[in-house]
Amino acid sequence: MPSAQPVRGGPEFHHRYHRPRPAGALDCIRAGRPEIAACNAGSLNYLKVRSNGTWAWPPLLFENPVDKVEELLEVCRETGTRPEFECFDLGIVRSVGMFADVGMVEKPNYNLVMGVASGMPADPELLQLLPKYMKAGALWQSTVIGREEIWPVHRKTAELGGHLRSGVEDTFYLPGGERASGNGQLIEALVNVAEDCGRKVVSPQRAREIFL
């Protein structure tokens with residue numbers, strides 16, 4: 001488990017109902033030249049329902065067709081940026097393997113996004129089924145969104161050989177349900193998870209060697 005991932009960038013661009021114009025996001029990658037950039041690897045109905053049976057927001061289509069993925073990958077090659085494939089369901093995980101099969105990417109880096117209401121739930125039993133659908137030897141990690149229920153998923157990630165990551169964009173809550181004061185407390189909790197599972201926390205330089 002790296003102590004910190006290399007510098008990430010690349011806004012995740014999407015739009016309601018129709019095709020977005022990705023130029024702004026691609027220009028950000030060109031300008032910032034991050035070491036890693038998020039690449040949303042497939043489309044998803046982005047939905048959530050309130051307890052009263054109404055939509056939490058108007059239903060959205062998180063639209064990421066293959067040609068849009070190809071655009072981002074082309075810019076990543078131009079800037080020397082490692083793409084990180086954001087996977088919101090199993091079909092998207094399998095699609096990343098197809099991207100590799102047709103030569104769109106050589107060594108895919110999977111990010112399993114769990115906890116989105118209309119995507120994969122934050123479920124450690126589900127997580128343990130996913131690695132067999134990735135390319136053999138691929139890098140992978142989990143982004144887990146929610147409250148204290150995310151921590152068993154982080155533990156299962158460490159046990160299965162995945163990499164760990166967290167931050168207040170994903171959760172405000174520590175394993176015991178207490179509210180975190182910031183990213184530092186979340187990272188300290190992840191270190192404890194890693195060490196409890198027999199994983200070593202590496203230096204930023206070693207993290208770059210692993211991820212880049």
Side-chain angles (χ1 to χ4, degrees), residues 1-14 19-20 22-44 62-114 116 119-120 126-144 156-166 194 199-212:
M1 171 208 157
S3 58
Q5 288 194 12
V7 177
R8 299 177 70 252
E12 299 178 355
F13 44 93
H14 54 94
R19 288 294 304 279
L26 301 183
D27 288 345
C28 285
I29 296 175
R30 290 189 176 102
R33 306 182 76 87
E35 294 170 299
I36 295 176
C39 177
N40 294 308
S43 299
L44 181 77
F62 190 32
E63 189 175 11
N64 297 288
V66 173
D67 60 345
K68 188 170 128 180
V69 173
E70 288 181 313
E71 286 184 88
L72 188 140
L73 295 180
E74 182 178 347
V75 173
C76 285
R77 286 190 287 271
E78 174 188 319
T79 59
T81 298
R82 178 82 186 267
E84 174 190 278
F85 292 99
E86 314 302 307
C87 300
F88 295 86
D89 62 28
L90 177 56
I92 297 176
V93 172
R94 299 181 71 191
S95 295
V96 172
M98 296 181 200
F99 298 161
D101 290 341
V102 301
M104 289 171 58
V105 63
E106 183 177 351
K107 295 179 180 179
N109 174 13
Y110 297 82
N111 181 31
L112 306 176
V113 182
M114 308 185 78
V116 174
M120 293 187 287
L126 173 61
L127 176 64
Q128 67 186 5
L129 302 177
L130 301 179
K132 76 174 185 177
Y133 296 104
M134 303 180 203
K135 287 297 186 183
L139 287 171
W140 67 277
Q141 56 273 329
S142 301
T143 290
V144 197
K156 182 60 70 173
T157 298
E159 292 172 352
L160 294 172
H163 295 286
L164 301 180
R165 54 183 291 163
S166 189
R199 300 290 298 279
K200 180 180 179 181
V201 179
V202 302
S203 68
Q205 178 57 40
R206 178 60 182 144
R208 286 182 167 85
E209 292 171 0
I210 293 170
F211 277 87
L212 304 180

Report the residues that fulfil side-chain contact (heavy atoms from CB on, under 4.5 Å) with S95, sequence neighbours left out, ordered by chain and then residue number. F99
side-chain contact (heavy atoms from CB on, under 4.5 Å) with C87: which of T143, V113, V96? V96
Shortest non-hydrogen contact between P131 and L127, atoms and distance: CD-O, 3.1 Å
Considering only NZ, NE, NH1 and NH2 on the basic side and carboxylate oxygens on the acidic side, decide whether K68 and E71 come within less than 4.0 Å. no
Do N109 and Q141 come within less than 4.5 Å of each other through their side chains, counting heavy atoms only? yes
For the backbone of G162 and the side chain of R199, can you confirm whether one donor and one acceptor N or O come within less than 3.5 Å of each other? yes
For E84 and R165: C-alpha separation, side-chain torsions, deciding distance, then whether salt bridge (Lys or Arg N to Asp or Glu O under 4.0 Å) applies. CA-CA 13 Å; E84 174 190 278; R165 54 183 291 163; 3.0 Å; yes
Could you check W140, F211, Y110 and say which one makes a ring-ring contact (aromatic ring centres under 6.0 Å, His included) with H163? F211
Given E86, which partner from the list N64, N40, N111 fulfils the side chain to side chain donor-acceptor pair (under 3.5 Å) test? N111
Kindly indicate, with the supporting measurements, whether the criterion side-chain contact (heavy atoms from CB on, under 4.5 Å) is fulfilled by F88 and V93. CA-CA 8 Å; F88 295 86; V93 172; over 6 Å; no
Determine whether L160 and K156 make a side-chain contact, defined as any pair of heavy atoms from C-beta on separated by less than 4.5 Å. yes
What do you reckon, is CZ of R94 surrounded by more than 12 foreign heavy atoms closer than 6.0 Å? no
Criterion side-chain contact (heavy atoms from CB on, under 4.5 Å) on K107 and K135, from CA distance to verdict: CA-CA 8 Å; K107 295 179 180 179; K135 287 297 186 183; over 6 Å; no
Flag, side chain of T81 to backbone of P34, donor-acceptor distance under 3.5 Å: yes
What is the distance from atom CD1 of I29 to atom CD1 of I36, rounded to the nearest 0.5 Å? 12.0 Å
Does any part of the side chain of E35, heavy atoms only, come nearer than 4.5 Å to the side chain of R82, both counted from C-beta? no
For E74, does the CD atom sit with more than 12 other heavy atoms under 6.0 Å from it, leaving out its own atoms? no
